[in-house]
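Here's the structure we're looking at; comments come further down.
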There are 2 protein chains.
Amino acid sequence: MDQTSKMEKLQQTADQAINLMKVLANKDRMILLCQISSGEKCVSELEEATGIKQPTLSQQLTVLRNEAVVATRKDGKKVYYSLASEIAATLMDVLHEHYCSKL
Amino acid sequence: MDQTSKMEKLQQTADQAINLMKVLANKDRMILLCQISSGEKCVSELEEATGIKQPTLSQQLTVLRNEAVVATRKDGKKVYYSLASEIAATLMDVLHEHYCSKL
DNA sequence: AAAATATTATATTAATTTGTATATTATAAA
DNA sequence: TTTATAATATACAAATTAATATAATATTTT
């Protein structure tokens, strides 16, 4: 593989990594993922725990769903969210270890 | 600590984590960090390897410096960049392992 | 009908990226 | 010692993209 196509490949891979970084680079979503990291939560629990307003909450959860970072499970009227991405889970662990271990 | 100030603390910590995520959530910077991860590089080497134009390169390196993700060493006319953040290095490792191990 | 959640639309603001030009610094050459 | 050149940085405006807030409405389940 020549230098040019090597760099193309690197760029494509970088795109995937960057999309994930963009998903995490938002306060609402980061806080939601913190909550969800410790076990599945329904939307009303997330609203209560974070103070994020319902439409915003729903919008940000949609972003997380679209990037397959979370999965949903429906139980009656409630929708439960859980982590669904191994890489996202690992990243959240690393961040938690670094930033939250002394909290 | 009550629920409200617990959430405030979480938000402050989230801010730090998010700033780092934002730094990584850019293609130029991600590719530059990939290059620098494997050992220090001077600006002209980075320009050659990535094809990023000089002003953009310098601007993005400034972003990395401002967030203390990289450090610089000057040698004559050349400026060498290296990784300077443990957490950033760990994240890059995790991303590399996940996205690049099969490349 | 009411509760829980999602969607759509829209307005506003803010942040990021990019391009062009110019500045700085260090070395080398005349 | 001026002058030239290479390497890098900075400034700033223009263009683009993203974030935030809000309101209204839709869907699904009980």
Side-chain angles (χ1 to χ4, degrees), chain A residues 11 14-36 40-82 84, chain B residues 7-8 11-12 14-36 40-84:
Chain A
Q11 296 229 358
D15 276 336
Q16 297 180 67
I18 288 152
N19 283 337
L20 181 53
M21 292 300 103
K22 283 187 180 167
V23 167
L24 301 185
N26 171 280
K27 199 161 165 177
D28 287 341
R29 293 193 295 268
M30 177 66 77
I31 287 175
L32 289 169
L33 285 175
C34 285
Q35 298 295 125
I36 296 169
E40 69 167 14
K41 300 277 184 304
C42 71
V43 179
S44 52
E45 285 173 327
L46 292 171
E47 190 174 7
E48 155 82 24
T50 63
I52 300 168
K53 286 179 199 148
Q54 193 273 321
T56 302
L57 188 52
S58 195
Q59 283 166 186
Q60 300 305 348
L61 289 171
T62 299
V63 174
L64 294 175
R65 262 187 285 122
N66 288 343
E67 195 66 19
V69 170
V70 297
T72 57
R73 176 178 74 81
K74 208 165 180 179
D75 182 13
K77 286 182 242 172
K78 299 192 172 177
V79 177
Y80 287 87
Y81 281 78
S82 58
Chain B
M7 193 46 62
E8 279 169 12
Q11 297 231 357
Q12 288 170 19
D15 277 336
Q16 297 179 68
I18 288 154
N19 283 339
L20 181 53
M21 292 301 102
K22 283 187 181 167
V23 167
L24 301 184
N26 171 279
K27 199 160 164 177
D28 288 341
R29 292 192 296 266
M30 178 66 77
I31 287 176
L32 289 170
L33 285 175
C34 286
Q35 298 294 125
I36 296 169
E40 70 166 13
K41 300 277 182 304
C42 70
V43 179
S44 52
E45 286 172 328
L46 293 171
E47 189 174 7
E48 155 83 24
T50 63
I52 300 168
K53 288 180 199 145
Q54 191 274 321
T56 301
L57 188 53
S58 194
Q59 283 164 178
Q60 299 306 347
L61 288 171
T62 299
V63 173
L64 294 175
R65 262 186 285 120
N66 287 343
E67 196 67 16
V69 170
V70 297
T72 58
R73 176 178 75 81
K74 207 163 181 181
D75 182 15
K77 285 183 242 174
K78 299 194 172 175
V79 177
Y80 286 88
Y81 281 78
S82 56
L83 268 189

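Chain naming here is simple, since letters A, B, ... match the order of the sequence lines and numbering starts at 1 in each. These numbers come from the heavy atoms of this one structure, side chains and all, not from hydrogens, waters or symmetry mates.
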- Message: Suppose the criterion is side-chain hydrogen bond (donor to acceptor under 3.5 Å, both in side chains): which pairs have a residue in residues 66-75 of chain A, not counting sequence neighbours?
- Response: A:E40-A:R73

- So, do B:V69 and B:V63 sit near enough that their side-chain heavy atoms are less than 4.5 Å apart? no

- Message: Taking any heavy-atom pair under 4.0 Å as a contact, classify B:S58: base, sugar-phosphate, or nothing.
- Response: base

- Message: Rounded at 0.5 Å granularity, tell me how far CZ in A:R29 sits from CG in A:L24.
- Response: 8.5 Å

- Note on the structure: Contacts of A:N26 and B:R65 projected onto DNA chain D by closest heavy atom; the upstream (5') one is B:R65

- How close do A:A49 and A:Q35 get, heavy atom to heavy atom, and via which atoms? CB-NE2, 3.4 Å

- Item | pair A:L46-A:I52: side-chain heavy atoms closer than 4.5 Å | no

- Note on the structure: Closest non-hydrogen atoms of A:M30 and B:A17, given as atom of the first, atom of the second and distance, are CE-CB, 4.1 Å

- Task: State, with a plain yes or no, whether a side-chain heavy atom of B:L57 is found less than 4.5 Å away from one of B:L32.
- Result: yes

- Query: Within the structure shown, what part of the strands sits under 4.0 Å from B:Y81 by heavy-atom distance: base, sugar-phosphate, or nothing?
  - Reply: sugar-phosphate

- Task: Tell me, please, which residues at least two apart from B:K27 pass side chain to side chain donor-acceptor pair (under 3.5 Å).
- Result: A:Q11, A:D15

- Item | Residues in contact with DNA chain D, drawn from residues 71-78 of chain A - heavy-atom cutoff 4.0 Å | A:K74, A:G76, A:K77

- Message: Can you give me the first and the last nucleotide of DNA chain C (5' to 3') that has an atom within less than 4.0 angstrom of a non-hydrogen atom in chain A?
- Response: C:dA3 to C:dA9

- Message: Closest-nucleotide mapping onto DNA chain D: is A:T56 or A:K22 further toward the 5' terminus? I mean the 5' end.
- Response: A:K22

- Looking at residues at least two apart in the chain, or sitting in another chain, which of them share a side chain to side chain donor-acceptor pair (under 3.5 Å) with A:T62? A:R65

- Note on the structure: chain A vs DNA chain D, heavy-atom contacts under 4.0 Å, first-to-last nucleotide span, 5' to 3', is D:dT20 to D:dT30

- Nearest heavy-atom pair of A:A25 and B:A25: which atoms, and what distance? CB-CB, 4.4 Å

